[in-house]
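A short write-up of the structure that comes next.
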There are 2 protein chains.
Amino acid sequence: MGNGMTGKGRVTIREVAERAGVSMATASRALSGNHPVPAATRARVLRAARDLDYVANAHARALVGGGRKMAAVVVRQVTSPFYAQVAEGVEAEAADRGWLCVVGATGGDAQREMEFVQLMREEGARLVILVGGVVEDDAYRERVAHYAHALDSSGARLVLCGRPAPGPDVPALVVEFDNEAGARAITGHLLSAGHRRIAFLGGLPGNTALDARVAGYRAALAEYGLPPEAAYVVDCGLGRAAGLRAMSALLEETREFTAVFAGDDMVAAGVLRAVAEAGLTVPDDISVVGYNDIPLAEDFNPPLTTVRTPAEELGRAAVRIALRDPDSAAGSHHLLGTHIVVRRSVCAPSRSCG
Amino acid sequence: MGNGMTGKGRVTIREVAERAGVSMATASRALSGNHPVPAATRARVLRAARDLDYVANAHARALVGGGRKMAAVVVRQVTSPFYAQVAEGVEAEAADRGWLCVVGATGGDAQREMEFVQLMREEGARLVILVGGVVEDDAYRERVAHYAHALDSSGARLVLCGRPAPGPDVPALVVEFDNEAGARAITGHLLSAGHRRIAFLGGLPGNTALDARVAGYRAALAEYGLPPEAAYVVDCGLGRAAGLRAMSALLEETREFTAVFAGDDMVAAGVLRAVAEAGLTVPDDISVVGYNDIPLAEDFNPPLTTVRTPAEELGRAAVRIALRDPDSAAGSHHLLGTHIVVRRSVCAPSRSCG
DNA sequence: CGACGCTGTGAAAGCGCTTTAACTTCCCTC
DNA sequence: GAGGGAAGTTAAAGCGCTTTCACAGCGTCG
């Protein structure tokens, strides 16, 4: 390497100080910029640091400095396009501020989630972002309330993305998309195309995001003067496999529906597949819409009409909001807008069905 | 919370020790398990820690303990399905060992990559995994050689996944898929189906992964006794947009090809789209194969025949290999196997062409 | 001209933890 | 019954850094 490195042992600030002919205190000030130092002195210190290939020890710094700039984002799995985008947003916004971003994948396991949050407490993360829908039961509420208080007592902030706050007095902040509005809009799109028999596939009772989508779907139906019985919700949960299975079952059972609103794009992928396997065509026989507008949605067959939820923006917003209003932000609730992306999976209800 | 927390200030091991009636040393040993402690004493300490909601300070621990269990994985972008899977594999394997995993996204920018590696040095990461193909030029070689030596001098290991080592004496370890074998196999699949005019779309000269794929493609052609001129490589780079553009251009130009080997599945997505836009059908008019088998490949239209590169396994292998053989592993090169996944985007060359 | 504030600098305290070296018991052996 | 370990425990050193506190030098104002 050709520099003055002392073998394996890391160069410390003391050596930098010695080489620059100043005290450790001055070296520290020049390096960290926490305190003004005359330009000449600073230059000498920086020079010495460069010559020695000095690398600050983040641990020592965090230990004395009390904490460190680190955010953690926790998702079910990194490979889900939606979660990946949110994580990317968090990472980007964190990086913009010089923060470190660590991501944890739980695989949907509450145990691992708890362990990870605990780890983040030990690591001194100042921001923990929990992403993704869950079924809201008592265990969930208790768990999250615990996180919130534990993190709060360590001086860290907790952000919930797309999952509910366990209570009004819990020190956590919620940032999510306006699922009800989005669902209402896309259902309206189907209705205005002439569809009246629209099934919703992908319900997951207790999951607030999906519940809100279902609510929006029902609201849109009501707005069009349809009776509550017109709503048909299949609680098959999320994922491509679930969508495939549920749609196959539905087609087996009845062909009265002219359109399907899939709970998200992966469900829609399964639905499209099921329709194709049944020898039917989208949209001629059945119109399909999804939710989230994942990157590959436009490559579906046919390209999917869906609701765009700018996931990366969600991640960025989470960081921004949490860091903006250090105190007042706690407990607040932020809703992000969405919009419809029209592609080719919807047309007017046709010849073949009701 | 109902426990004995002292407000904001974090509970330290000293308080735990006091409450348990032992010295800090004993408390530390009971908590960390680094040194045997009688069961009765240990129980008292653990009890006190629980009562106080004690959270160890990872920084202090790392400071004195010299380093910490942390791995870093660096990718171009988290939202690419392939990178996401690799990152997930790294995360999983790291989590299995109680290691922390941080991920950095560079957006393909060398500057950001350097900053991130530097940050990891400061943070004391013991394992840095650089994932993803690059164009191998002098700047690249110099950069990576620098990382390798810098990390090595901090006692950390460097793993390159799918990118070449800059030289034989550089302390880095390479783990990647056997791209040449995979490409040879899938080209063979096309050949054995009867295709003789096969174009390769998605070359990126200097990118070793793609170069290897191209080499495999040529080798397969040669094995079937075709002259070198039979190879037709379009260096359009990667990504869906690139595939769409290149394939549209190709179709504009000539229709002599009966099959297309796309550099990866995203390119294949673009190719499929281009074929559809040209009013042609896959596989009846043109057979298409991809590379990587991303999760949505089976939902392409038609479901894509491709090469499965178990990306998550790549991430896991990177961690495992790096951690297995602390010393001997340096400089070694590991090749992971792949296999063909046959779906419906290939059939015998047909009526319409060649 | 002495008191005051300012800037630049350094010695040393201490962040929370692990670990070394030393000490105390207590039990066993010769 | 004295000597030698083993087992259990502790005081204290110190990881690398930031930051207080103190002091020196010096221009400025009353």
Side-chain angles (χ1 to χ4, degrees), chain A residues 5-6 8-46 48-49 52-69 119 121-124 126 153-155, chain B residues 5-6 8-46 48-49 52-69 119 121-124 126 153-155:
Chain A
M5 286 172 16
T6 347
K8 283 278 179 185
R10 268 167 76 148
V11 178
T12 72
I13 202 173
R14 145 166 280 127
E15 299 167 53
V16 173
E18 273 168 14
R19 185 178 237 260
V22 297
S23 71
M24 283 171 57
T26 302
S28 168
R29 293 197 262 252
L31 256 11
S32 70
N34 286 348
H35 194 83
V37 164
T41 314
R42 138 177 275 123
R44 239 176 333 130
V45 173
L46 294 183
L52 259 26
D53 188 32
Y54 168 71
V55 177
N57 183 322
H59 297 302
R61 214 169 239 187
L63 182 56
V64 57
R68 112 223 269 189
K69 294 173 172 181
L119 189 58
R121 284 225 282 162
E122 296 185 358
E123 292 287 335
R126 290 220 278 253
S153 84
S154 326
Chain B
M5 283 174 17
T6 346
K8 282 277 181 189
R10 267 168 76 148
V11 178
T12 73
I13 203 173
R14 145 168 279 128
E15 298 167 55
V16 173
E18 274 168 13
R19 184 180 238 260
V22 296
S23 70
M24 284 171 58
T26 302
S28 168
R29 292 200 259 254
L31 256 12
S32 70
N34 285 347
H35 194 84
V37 164
T41 314
R42 140 177 272 123
R44 243 179 327 135
V45 173
L46 295 182
L52 260 27
D53 188 33
Y54 168 71
V55 177
N57 182 322
H59 298 304
R61 213 170 240 185
L63 182 55
V64 58
R68 111 220 272 189
K69 296 172 172 181
L119 189 59
R121 284 225 283 162
E122 297 185 355
E123 292 286 335
R126 290 220 277 253
S153 84
S154 327

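The structure displayed is predicted, hence computed values, not measured ones. Quick note on labels: first sequence line is chain A, next is B, and so on, each numbered from 1.
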request  = Test A:R121 against A:S153 for side chain to side chain contact (heavy atoms under 4.5 Å, CB included), laying out the working first.
outcome  = CA-CA 10 Å; A:R121 284 225 282 162; A:S153 84; 4.1 Å; yes
Atom [atom1] of [X] and atom [atom2] of [N]: how far apart are they, to the nearest Å?
| X | N | atom1 | atom2 | result |
| --- | --- | --- | --- | --- |
| A:N34 | C:dC15 | CG | P | 19 Å |
| A:M24 | C:dA13 | CE | C1' | 11 Å |
| B:E122 | D:dG16 | CD | P | 15 Å |
| B:N57 | D:dC17 | CG | C1' | 13 Å |
| A:R68 | D:dC17 | CZ | C1' | 14 Å |
| A:I13 | D:dG14 | CD1 | P | 20 Å |
| B:E15 | C:dC17 | CD | C1' | 14 Å |
| A:R61 | D:dC15 | CZ | C1' | 16 Å |

Can you identify which nucleotide, out of [options], has its nearest atom closest to the [X] side chain?
| X | options | value |
| --- | --- | --- |
| B:S28 | C:dC17, C:dG10, C:dT18 | C:dT18 |
| A:P38 | C:dG10, C:dG16, C:dG8 | C:dG8 |
| A:L63 | D:dA12, C:dG16, D:dC17 | C:dG16 |
| B:T41 | D:dT9, D:dC17, C:dC17 | D:dT9 |

query = Quick one: is B:S23 getting a side-chain N or O under 4.0 Å of the D:dA11 phosphate, OP1 or OP2?
reply = no
key: Heavy-atom check, side chain of B:R44 versus side chain of B:V22, under 4.5 Å   = yes
message = By nearest heavy atom, map A:S32 and B:G21 onto DNA chain D; which one lands nearer the 5' end?
response = B:G21
Which residue lies more 5' along DNA chain D, comparing B:V37 with A:H59 via nearest heavy atoms = B:V37
request  = Report yes or no: is there a donor-acceptor pair, N or O only, under 3.5 Å between the side chain of B:R29 and the base of D:dG8?
outcome  = no
query = When all nucleic acid strands are considered with a 4.0 Å heavy-atom cut-off, which category describes B:A62: base, sugar-phosphate, or nothing?
reply = nothing
key: Touch class at under 4.0 angstrom, heavy-atom based, for B:T12 against every strand present   = sugar-phosphate
ask   = Is it true that A:D53 and A:R10 make a salt bridge, defined as a side-chain N closer than 4.0 Å to a carboxylate O?
value = no
message = Please compare A:H35 and B:V64 by the position of their nearest nucleotide in DNA chain C and report the one closer to 5'.
response = A:H35
remark   = Rounded to the nearest 0.5 Å, the CG atom of A:N57 sits from the CD atom of B:E123 at a distance of 9.0 Å
note = Nearest heavy-atom contact between A:Y54 and A:T12 is CE1-C, 3.7 Å
